[in-house]
A.B. asks: 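Mind looking over this structure? Questions follow.
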Amino acid sequence: MSKEQFNELPRPTFRWMKVNHLELDQEPVTELKSVELAIRTDGQVEAKQYEGNALPDLGDFQGASKESLARTLKGGNVNCAVTVADGAEASVWITYTVSEAAPQLVGQLKVTAGKGSQVHVYELFDGDAENGLVDLLQYVDAGEGARVQISKVQIHGDRVRHIDARLTREAKEANVKYVSAEVGGHQTVVNVVSKLDHDEAEFDSASMYLGDKDQLFDYSYLVPTQGCKTKTNILTTGALMGTSKKYFRGTIDFLRGGKKAVGDESDVCLLLNKGVHSISVPLLLCKEDDVVGNHASSSGQIDQDMLFYLMSRGFDEAGAQLIIVESNIRPVIDQLGDSDLEDKALQAIRSKMQQVGRKGN
């Protein structure tokens with residue numbers, strides 16, 4: 001079976017380290033079945049499905065992989081456009097459900113936020129199917145002073161490959177924020193590019209994951225900053241069980257001219273047993289001297305003193321681990337901004353931890 005390369009590092013390092021990209025078997029794509037998305041709106045917004053490709057020229061954006069980008073640019077069966085006029089405020093809820101009737105969802109989400117507007121898009125990805133696939137290209141065009149937040153909960157079954165490629169373009173003083181809870185799926189690939197070309201533009205991303213069995217999570221971030229006084233904040237945090245794996249590749253590129261830019265990236269991983277695999281490559285590239293950049297990465301087992309303390313208060317080991325994991329990821333969950341999505345994410349996390357605890361017993 002032919003291989004597909006995902007999330008190639010923008011500045012490759014030594015090949016023997018095996019962190020320059022992710023390589024997976026190509027997923028066979030079947031005939032796409034027609035899908036009507038569940039869409040709900042509130043406020044001054046237009047949200048509708050469309051056919052074909054409605055995205056502008058994406059420049060040098062390469063997506064999660066060449067194959068994935070070509071597939072989504074053709075326009076699939078879940079294309080949706082969200083448009084908010086200048087100065088308007090709105091919320092949109094979209095549910096993407098994989099099923100045996102429609103096992104593969106491919107398409108685009110185009111979010112256009114006018115000058116001074118505010119829009120919050122809530123995404124729920126659920127369902128399961130044999131050869132399940134979600135391949136979504138999300139494009140955000142934030143006008144001057146616009147505020148855009150996309151909150152996502154992914155709780156697919158364990159037969160789904162989930163590919164989420166995101167490209168954001170922020171005008172002056174615009175802010176785009178992603179909050180993601182990745183719990184389900186067999187393989188989850190996230191690729192994010194945010195181009196901070198304009199002054200005082202901001203990009204924020206907070207993502208959590210929880211892996212068990214042989215789950216795979218692969219994150220890639222690239223934020224080139226060329227506007228003055230831009231701000232970047234990237235956080236991934238989570239826990240791994242079973243033989244699950246997580247890769248993080250984060251690159252903040254301070255380009256010449258982007259004076260007084262600030263960029264922070266952090267990756268935190270709890271290793272709940274032997275056999276898990278966590279790789280982190282946080283990069284700072286710099287051609288401008290008047291900037292502030294910080295990067296951090298940590299992975300390790302649960303503090304045994306903390307575990308003992310909780311168990312001494314009446315919790316079994318599985319319950320104590322759940323408390324520690326939840327305290328680590330809860331700050332991300334709380335930023336989703338929708339109680340229903342928060343409950344679904346927490347329920348999936350607690351269910352997964354309890355199943356592992358029962359097996360351990």
Side-chain angles (χ1 to χ4, degrees), residues 1 3-7 9 13-25 27 128 132 154-163 180-190 207-220 235-250 266-282 296-311 315-330 332 345-346 348-361:
M1 181 176 290
K3 298 291 185 177
E4 186 172 349
Q5 290 187 1
F6 293 91
N7 287 350
L9 199 65
T13 184
F14 299 107
R15 283 179 293 179
W16 60 266
M17 296 180 67
K18 298 182 179 180
V19 299
N20 288 331
H21 61 264
L22 171 71
E23 190 171 85
L24 298 174
D25 292 335
E27 187 77 14
D128 194 17
Q154 188 269 105
I155 51 174
H156 288 305
D158 58 10
R159 296 179 294 171
V160 177
R161 176 179 290 183
H162 182 91
I163 305 172
S180 302
E182 308 282 359
V183 184
H186 181 214
Q187 298 160 335
T188 298
V189 180
V190 177
S207 184
M208 59 76 38
Y209 56 88
L210 177 62
D212 73 338
K213 301 178 183 176
D214 61 346
Q215 275 185 293
L216 168 70
F217 300 92
D218 196 284
Y219 292 92
S220 174
L235 167 68
T236 65
T237 184
L240 299 176
M241 303 177 289
T243 58
S244 57
K245 299 178 181 179
K246 182 273 303 178
Y247 293 85
F248 171 85
R249 302 175 189 85
S266 178
D267 176 43
V268 180
C269 183
L270 287 175
L271 312 177
L272 300 186
N273 59 253
K274 295 180 180 180
V276 297
H277 193 70
S278 175
I279 295 293
S280 183
V281 188
S297 174
S298 66
S299 62
Q301 298 178 347
I302 286 178
D303 185 288
Q304 292 302 305
D305 290 339
M306 185 181 300
L307 193 65
F308 176 78
Y309 174 81
L310 290 171
M311 293 177 68
F315 296 98
D316 61 13
E317 184 175 0
Q321 284 187 338
L322 173 60
I323 292 173
I324 295 170
V325 170
E326 192 169 319
S327 68
N328 186 51
I329 62 180
R330 192 59 186 259
V332 175
L346 288 172
I349 291 164
R350 291 166 181 169
S351 176
K352 181 180 286 191
M353 293 289 293
Q354 288 169 1
Q355 288 176 9
V356 172
R358 286 195 292 269
K359 292 178 182 178
N361 294 331

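All residue numbers in this chain count up from 1 along the given sequence.
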A.B. asks: Taking all non-hydrogen atoms of both residues into account, name the closest pair between Gly319 and Asp316 and its distance.
C.D. replies: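 Minimum heavy-atom contact is N-OD1, 2.6 Å.
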A.B. asks: Quick check: do Tyr247 and Val281 have side-chain heavy atoms less than 4.5 Å from each other?
C.D. replies: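 A side-chain contact under 4.5 Å is absent here.
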A.B. asks: For the side-chain contact (heavy atoms from CB on, under 4.5 Å) test, which of Leu216, Asp214, Asp128 pairs with His186?
C.D. replies: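 The side-chain contact (heavy atoms from CB on, under 4.5 Å) with His186 is passed solely by Asp214 among Leu216, Asp214, Asp128.
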A.B. asks: Do the side chain of Ser244 and the main chain of Lys213 share a donor and acceptor less than 3.5 angstrom apart?
C.D. replies: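 A pair under 3.5 Å: no.
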A.B. asks: So Val190 and Phe217, side chain to side chain contact (heavy atoms under 4.5 Å, CB included) or not? Walk me through it.
C.D. replies: CA-CA 8 Å; Val190 177; Phe217 300 92; over 6 Å; no
A.B. asks: Counting distance only, does the side-chain N/O of Gln354 pair as donor-acceptor with the main-chain N or O of Ser351 below 3.5 Å?
C.D. replies: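 No, because the side chain of Gln354 does not come within donor-acceptor range (under 3.5 Å) of the backbone of Ser351.
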A.B. asks: Under the side-chain hydrogen bond (donor to acceptor under 3.5 Å, both in side chains) rule, collect the residues that match up with Thr237, sequence neighbours excluded.
C.D. replies: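 In terms of side-chain hydrogen bond (donor to acceptor under 3.5 Å, both in side chains), with neighbours along the sequence ignored, Thr237 is linked to Asn328.
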A.B. asks: Out of curiosity, Leu270 CG to Ile324 CD1, how far, rounded to the nearest 0.5 Å?
C.D. replies: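 One gets 8.0 Å once the value is rounded to the nearest 0.5 Å.
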A.B. asks: Could you tell me the separation between the CG atom of Asp267 and the OH atom of Tyr219, rounded to the nearest 0.5 Å?
C.D. replies: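 Separation between the atoms: 9.5 Å.
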A.B. asks: What's the separation between atom CD in Gln187 and atom CG in Asp158, rounded to the nearest 0.5 Å?
C.D. replies: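 It is 11.5 Å, given to the nearest 0.5 Å.
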A.B. asks: Give the minimum heavy-atom separation between Val183 and Ala348, together with the two atoms involved.
C.D. replies: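 Taking every non-hydrogen atom into account, CG1-CB, 4.0 Å.
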A.B. asks: Compare all side-chain heavy atoms of Thr188 with those of His156 and state whether any distance is below 4.5 angstrom.
C.D. replies: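 Thr188 does not reach His156 side chain to side chain.
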A.B. asks: Using atom types as modelled and distance alone, determine if a side-chain donor or acceptor of Asn20 lies under 3.5 Å from a backbone N or O of Leu9.
C.D. replies: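 No: the side chain of Asn20 does not pair with the backbone of Leu9.
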A.B. asks: Can you tell if the side chain of Phe315 reaches within under 4.5 Å of the side chain of Ile323, non-hydrogen atoms only?
C.D. replies: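 Counting from C-beta outward, Phe315 and Ile323 do come under 4.5 Å.
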A.B. asks: Would Ser299 and Ser278 count as having a side-chain donor-acceptor pair, cut-off 3.5 Å?
C.D. replies: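 Ser278 and Ser299 do not have a side-chain donor-acceptor pair below 3.5 Å.
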A.B. asks: With a 4.5 Å cut-off on side-chain heavy atoms, are Glu27 and Glu4 touching?
C.D. replies: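 Contact flag for Glu4/Glu27 side chains = no.
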A.B. asks: Quick check: does any side chain N or O of Lys246 sit under 3.5 Å from a backbone N or O of Cys269, one acting as donor and the other as acceptor?
C.D. replies: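 No, Lys246 side chain to Cys269 backbone: no donor-acceptor pair under 3.5 Å.
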A.B. asks: What salt bridge (charged side-chain N to carboxylate O under 4.0 Å, His left out) pairs are there with at least one residue in residues 180-190, not counting sequence neighbours?
C.D. replies: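 Found Lys152-Glu182.
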A.B. asks: Do Ile279 and Lys18 come close enough that some side-chain heavy atom pair is under 4.5 Å?
C.D. replies: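 Sidechains of Lys18 and Ile279: no contact.
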A.B. asks: Using a 4.5 Å cut-off on heavy atoms from C-beta on, say whether the side chain of Met353 contacts that of Leu272.
C.D. replies: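 Yes, their side chains come closer than 4.5 Å.
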A.B. asks: At their closest point, which heavy atom of Asn7 faces which heavy atom of Ser220, and how far apart are they?
C.D. replies: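 Residues Asn7 and Ser220, closest heavy atoms: CG-CB, 3.4 Å.
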A.B. asks: Closest approach of Met208 and Ile329, non-hydrogen atoms and distance?
C.D. replies: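 Looks like CE-CD1, 3.6 Å.
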A.B. asks: For the CD atom on Gln301, are there more than 12 heavy atoms of other groups (residues, nucleotides or ligands in this structure) within a distance under 6.0 Å?
C.D. replies: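 For Gln301, atom CD is not crowded (no more than 12 foreign heavy atoms under 6.0 Å).
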A.B. asks: What are the two closest heavy atoms between Met311 and Ala320, and how far apart are they?
C.D. replies: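 Distance-wise, the nearest heavy atoms are CG-CB, 4.0 Å.
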A.B. asks: Does the side chain of Phe248 reach to within under 4.5 Å of the side chain of Ser297, using non-hydrogen atoms?
C.D. replies: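 Contact flag for Phe248/Ser297 side chains = no.
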A.B. asks: Which value, rounded to the nearest 0.5 Å, describes the distance between Asp25 atom CG and Lys3 atom NZ?
C.D. replies: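 Answer rounded to 0.5 Å: 3.5 Å.
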A.B. asks: Side chains of Arg350 and Leu322: does their closest heavy-atom pair fall under 4.5 Å?
C.D. replies: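 In contact.
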A.B. asks: Output the distance between atom CG (Leu271) and atom CE (Met241), rounded to the nearest 0.5 Å.
C.D. replies: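 Going from CG on Leu271 over to CE on Met241, the span is 12.0 Å.
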A.B. asks: Decide salt bridge (Lys or Arg N to Asp or Glu O under 4.0 Å) for Arg249 and Asp218; before the verdict, give the C-alpha distance in whole Å, the side-chain angles of both, and the deciding distance to 0.1 Å.
C.D. replies: CA-CA 8 Å; Arg249 302 175 189 85; Asp218 196 284; 2.6 Å; yes
